[in-house]
Engineer: 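Provided herewith is a single structure, encoded as structure tokens, for subsequent inquiry.
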Amino acid sequence: MSTRRIKVRKSVRLAKIKNQNNRQVTFSKRRNGVFKKANELAVMTGAEGGIIVCPQGSKPYSFGHPNVNETINKYVGEERPPSPSDIDDKYAQMFRKANSRELNIRLSSLQDQLDFALKLKSKLKEMNKNVESQQEWFKGPIEKMNYTEASMLKGGLEDLLLKVKNYGAEHGYGYENGKWKAE
């Protein structure tokens with residue numbers, strides 16, 4: 001039977017490490033472990049968290065989820081300087097305002113064109129009514145027409161016959177003795 005050695009974790013005595021190099025190495029290893037655990041906690045639970053570690057005589061290290069400054073300022077309640085996302089929001093709002101201004105100008109232009117088209121439509125309807133009222137005489141029986149109306153009808157019919165003859169000639173038909181013939 002072979003004997004295996006099982007590696008057991010040793011309990012570490014909590015006291016300040018006297019050797020500066022050992023202290024720095026331990027700090028680096030433990031800092032990364034603490035930040036990793038804080039990240040796992042934030043990702044798994046959706047919690048916001050922030051950690052700031054300040055070793056003696058060195059720059060501070062920080063971790064925050066989603067951002068250490070936003071997280072701390074949210075709970076401390078102080079006014080915070082604008083973050084890059086706030087600056088992006090500011091530019092997005094400026095773009096939206098400029099874009100909406102341009103769209104409003106286009107809208108008013110289209111509205112003016114629509115108003116003009118509606119006025120033109122009403123004028124054309126009125127003109128069409130006038131033309132129809134002038135041609136009311138054409139709808140009545142020929143026997144009741146006066147000389148002027150009959151001469152206008154004759155001229156209109158002659159113009160129509162000429163247009164029909166020209167159309168037929170353009171499409172390969174001839175008109176002789178009151179009959180159409182294919183040419």
Engineer: Could you state the interatomic distance from OG (S108) to CD (Q113), rounded to the nearest 0.5 Å?
Structural biologist: 10.0 Å
Engineer: Quick one: CG on L153 to CG on L160, what's the gap to the nearest 0.5 Å?
Structural biologist: 10.5 Å
Engineer: Could you give the distance from CG (L161) to NZ (K165), rounded to the nearest 0.5 Å?
Structural biologist: 4.5 Å
Engineer: To the closest 0.5 Å, what do you measure between CD1 (I105) and OG (S109)?
Structural biologist: 9.5 Å
Engineer: If you round to the nearest 0.5 Å, how far is NZ of K121 from CG of L124?
Structural biologist: 10.5 Å
Engineer: Could you tell me the separation between the CG atom of L107 and the CG atom of D112, rounded to the nearest 0.5 Å?
Structural biologist: 9.5 Å
Engineer: Just grab all the side-chain hydrogen bond (donor to acceptor under 3.5 Å, both in side chains) pairs involving residues 15-31, residues at least two apart or on different chains.
Structural biologist: Q20-R23
Engineer: Using a 3.5 Å distance criterion without hydrogens, assess whether the side chain of S151 forms a donor-acceptor pair with backbone atoms of Y147.
Structural biologist: yes
Engineer: Determine which pairs satisfy ring-ring contact (aromatic ring centres under 6.0 Å, His included) with at least one residue from residues 6-32, sequence neighbours left out, and list them in order.
Structural biologist: F27-Y61
Engineer: Report yes if the side chains of L103 and R106 come closer than 4.5 Å at any heavy-atom pair, otherwise no.
Structural biologist: yes
Engineer: Grab the two heavy atoms, one from I52 and one from P60, that are nearest each other, plus how far apart they are.
Structural biologist: CG2-CB, 4.4 Å
Engineer: Which heavy atom of H65 sits nearest a heavy atom of A47, and at what distance?
Structural biologist: CD2-O, 3.7 Å
Engineer: Do you know the tightest heavy-atom contact between A38 and I51?
Structural biologist: CB-CD1, 3.5 Å
Engineer: Should we count CD of E126 as having more than 12 external heavy atoms under 6.0 Å?
Structural biologist: no
Engineer: Using the rule that two of Ile, Leu, Val, Met, Phe, Trp, Tyr join whenever any of their side-chain heavy atoms come within less than 4.5 Å, decide whether F63 and V34 are in one cluster.
Structural biologist: yes
